[in-house]
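The next block holds one structure in the form of structure tokens; read it before the comments.
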Amino acid sequence: MEKKMLPYASLHLQPPKPLLFSPSPDPLCLPPSKSLIFSPRIKPMTTTTLSLRLQSSCPSSTTKANPKNQTQNPSSYDLKIALIGFGNYGQFLAKTLISQGHTVLAHSRSDHSLAAKSLGVSFFLDPHDLCERHPDVILLCTSIISTEEVLKSLPLQRLKRNTLFVDVLSVKEFAKNLLLDVLPYDFDIICSHPMFGPQSAKHGWDGLYFVYENVRIGNEENRVNRCKKFLEIFEREGCKMVEMSCQEHDKYAAESQFVTHTVGRVLEMLKLESTPINTKGYESLLDLVEYTSGDSFDLYYGLFMYNRNVLEMLDRLDLAFEDLRKQLFGRLHEVVRKQLFGNAESRKVLQENYDKGHLNGAAALSSRSESVRFQGSARTYEYEAGNSSCSDDSSKLKIAIVGFGNFGQFLAKTFVQQGHAVLAYSRANYSDVAQKLGVSYFSNADDLCEQHPEVIVLCTSILSTEKIIKSLPFQRLKRSTLFVDVLSVKEFPRNLFLQHLPLHFDILCTHPMFGPESGKNGWNQLAFVFEKVRIGSEGSRVSRCNKFLDIFAREGCRMVEMSCAEHDWHAAGSQFITHTMGRVLEKLGLESTPINTKGYETLLNLVENTVGDSFDLYYGLFMYNVNAMEQLERLDLAFESLKDQLFGRLHGVLRKQLFGSSDNSQELSEEPSVAKFSQNSAALVSSSSETLNAENN
């Protein structure tokens, strides 16, 4: 049943500012428009990336060497900086401010005096005491949601006139309007956004973006110099300084920052874990979860609530996911129709093989408990031959590649480089490419098989594999020929081989967990998964199998021996999820921005790693892995749960504006939605297990 929901555009009121007005006595009377609409002060500004130069109202500065090598008096850089909000982020900034020799004060509603003392920071519980110290700069390190309340609570009258206020919020239009509304006209304002945090910058700030707008800086030389000194703090640490209007920042951030955090939170709900067969793409997803998991839901909600562009991005992300589901199920529908209305033979083929794979997968999964599933069964393999000389002719094989598209050519290059004799056959004509690679090409399968290759490597697509196997003239091959597949699913080809190959043929099921894109710089430490399904006991046949595996061991692959059932269980949680997220993001048309975060770079890299693969490959991962449907449903549940959290929180804010604090019926916590997802996910897994057990019986 098609899911129906209101388009987000119909809900797209401008984000309200909490607590900006008193509740109306008439519950049907909407609050003043000031709380729902951003100030029209903002004018678009051209983005200017600075190469260690500061522009706008600050005079230009020349390129500086590393400050450790400078002979200038360090006191010329010293500022007295007061941090308002001394949680994780405030403490993170304080370390660098102190290391550069600045005097740092701090105030927070929570008592962080011990942390402050350990950092060399003077801590004040009373903001009056702090303001009476007359800091040069007030640096607001509060959460987005609490910024307005905290700013209005500061005793501004105790500060020096023309004090510089700086915010570091992840949204900028909201912060700019708030500072202009609340601060006296003689206070200076910089709106800034360090595009990094404690996790992404744990190894330093070099090369990370620092975005800012000099909103209001007085003309006096001391005020201009103070602005310059503050910005130089980040410049000296190697940040890429980007001057950009607040409006422009929020437009880019809706695409990069909000999408990054959304994907990170969805994946966090799935509780992704490292597997023995991680691909580069899956490693990227794990890195993304690590980058975003340390941030609070308040930060994520603030990105949603106070950036006017994010509803459109959330809508586009939802539509992209739905479109991908329609593609998958539309393709499945076509297959089922062919089964129902095709000839008698074609009606049986796909269903019989799918059912066999499904039952084998069920048997493999139901035989182990959830807590110890596949624990310790994957083995890392090492080969003595990996250290031997490549000039040894006894180690050379005659290898026939059946299917000479991109992946077949990719493998052939390494086979030839190692001195193996390589033959190839494909339905399309690749004779020119084969000649360039030093491969003997055959347009006729009989001619290829009569060359008596020792190994047949099937490099066909998942969807065409069965048809190709049935078309090969086995009678022209030597008995005991070794058949190898390199498909991304493993139970399906294993069953095909066992069903269609003569008993005297050897079978090795493999999956190189890389391709032309992820393996373009070599195969070192990339996973190669295999199962020796059927290898004869004769020494020559055992040796031949090991020689073939040694091709990948020589290149530095991480050799992992694993059952086909185990591979498919891991792959559903890693490879299928990776390709799904890559294809969803591809549909968004994400592009690099002037202010990319590390997390957003991870998403762009993920798209690059998956965009080159055909939809047939992705559909094959879905169709021929019995675990993929469960993962798709869990991904859908996680995304829906996250939207419930966001809109539930928004609903609570609107109710408070309409009815005041007396209405306690709507809690703002996100916990119910998380619990709901956990319950639904557990129910899904339980239902899936029951279905598998029923089919297995």
Side-chain angles (χ1 to χ4, degrees), residues 3 5-12 47 170-171 195 209 248-270 272 280-282 284-289 291-292 300-301 303-305 307-330 517 575-615 617-619 621-622 631-632 634-643 645-647:
K3 180 170 59 179
M5 58 187 295
L6 288 173
Y8 295 136
S10 64
L11 302 173
H12 198 331
T47 307
S170 302
V171 291
M195 304 290 291
Y209 289 101
E248 194 172 2
H249 167 280
D250 282 4
K251 181 185 72 174
Y252 286 124
E255 180 170 301
S256 60
Q257 204 176 9
F258 181 73
V259 170
T260 301
H261 278 264
T262 299
V263 173
R265 284 192 168 271
V266 168
L267 296 174
E268 187 183 3
M269 287 183 176
L270 296 181
L272 300 184
K280 279 191 173 181
Y282 188 61
S284 296
L285 293 188
L286 294 176
D287 288 343
L288 178 63
V289 173
Y291 289 147
T292 57
Y300 176 61
Y301 173 70
L303 295 174
F304 168 73
M305 185 70 171
N307 187 332
R308 67 173 72 193
N309 305 285
V310 299
L311 274 179
E312 178 189 344
M313 288 307 302
L314 193 62
D315 195 9
R316 288 177 59 202
L317 191 60
D318 195 27
L319 290 173
F321 186 62
E322 285 301 309
D323 187 52
L324 188 61
R325 285 170 58 91
K326 286 179 181 178
Q327 277 185 270
L328 284 175
F329 291 114
E517 182 61 38
Q575 199 177 14
F576 179 70
I577 290 292
T578 301
H579 278 263
T580 299
M581 294 312 306
R583 287 191 169 272
V584 168
L585 296 170
E586 181 193 0
K587 289 178 180 293
L588 294 180
L590 300 183
E591 296 180 352
S592 184
T593 75
I595 54 173
N596 291 354
T597 60
K598 277 192 174 181
Y600 189 60
E601 290 285 357
T602 298
L603 293 188
L604 295 177
N605 291 335
L606 174 64
V607 174
E608 183 181 354
N609 284 333
T610 56
V611 71
D613 296 320
S614 67
F615 186 79
L617 170 62
Y618 177 60
Y619 174 70
L621 294 174
F622 169 71
Q631 291 297 330
L632 190 66
R634 292 187 68 232
L635 190 60
D636 192 26
L637 283 172
F639 188 43
E640 289 301 317
S641 176
L642 188 61
K643 288 189 294 183
Q645 287 178 247
L646 287 175
F647 289 108

Quick one: does [X]'s side chain get under 4.5 Å of [Y]'s, heavy atoms only?
| X | Y | answer |
| --- | --- | --- |
| Leu267 | Leu270 | yes |
| Asp315 | Leu319 | yes |
| Thr610 | Glu586 | no |
| Thr262 | Val259 | no |
| Leu328 | Phe615 | yes |
| Glu591 | Leu604 | no |
| Asp636 | Arg325 | yes |
| Lys587 | Gln327 | yes |

Interatomic spacing from [atom1] in [X] to [atom2] in [Y] - rounded to 0.5 Å:
| X | Y | atom1 | atom2 | value |
| --- | --- | --- | --- | --- |
| Leu603 | Asp287 | CG | CG | 11.5 Å |
| Asn309 | Leu303 | CG | CG | 12.0 Å |
| Leu317 | Leu585 | CG | CG | 7.0 Å |
| Leu635 | Met581 | CG | CE | 6.0 Å |
| Glu601 | Thr593 | CD | OG1 | 8.0 Å |

Considering non-hydrogen atoms only, spot the tightest contact between [X] and [Y] and give its length.
| X | Y | answer |
| --- | --- | --- |
| Leu324 | Thr580 | CD2-O, 3.7 Å |
| Thr578 | Leu606 | CG2-CD1, 3.4 Å |
| Asn307 | Ala253 | ND2-CB, 4.1 Å |
| Met269 | Arg634 | O-NH2, 4.2 Å |
| Gly599 | Leu288 | O-CD1, 3.8 Å |
| Leu588 | Ala320 | CD2-CB, 4.2 Å |

Hey, what's the ring geometry for Phe304 with Phe647, parallel, tilted or perpendicular (30° and 60° as the breaks)? perpendicular

Assign the ring pair Tyr300 / His261 to parallel, tilted or perpendicular, where the plane angle (0 to 90°) is split at 30° and 60°. parallel

Might you work through the side-chain contact (heavy atoms from CB on, under 4.5 Å) test for Ile595 and His249, ending with a clear yes or no? CA-CA 8 Å; Ile595 54 173; His249 167 280; 3.9 Å; yes

Aromatic ring proximity, centroids under 6.0 angstrom, Tyr209 and Tyr252: no

Is the shortest distance from a Lys or Arg side-chain nitrogen in Arg308 or Asp250 to a carboxylate oxygen in the other one below 4.0 Å? no

With a 4.0 Å cut-off, would you call Glu640 and Lys643 a salt bridge? yes

Tell me whether Asn596 contacts the main-chain N or O of Ser592 through its side chain, where contact means a donor paired with an acceptor under 3.5 Å. no

Using side-chain contact (heavy atoms from CB on, under 4.5 Å), reason through Val584 and Phe639 one step at a time and then give a plain yes or no. CA-CA 12 Å; Val584 168; Phe639 188 43; over 6 Å; no

Using the rule given for side-chain contact (heavy atoms from CB on, under 4.5 Å), can you reason through Leu617 versus His579, listing the C-alpha separation, both sets of side-chain angles and the distance that settles it, and then say yes or no? CA-CA 10 Å; Leu617 170 62; His579 278 263; 4.1 Å; yes

With side-chain contact (heavy atoms from CB on, under 4.5 Å) as the criterion, how do Tyr600 and Asn605 come out once you've worked through the C-alpha distance, each side chain's angles and the decisive distance to 0.1 Å? CA-CA 9 Å; Tyr600 189 60; Asn605 291 335; over 6 Å; no

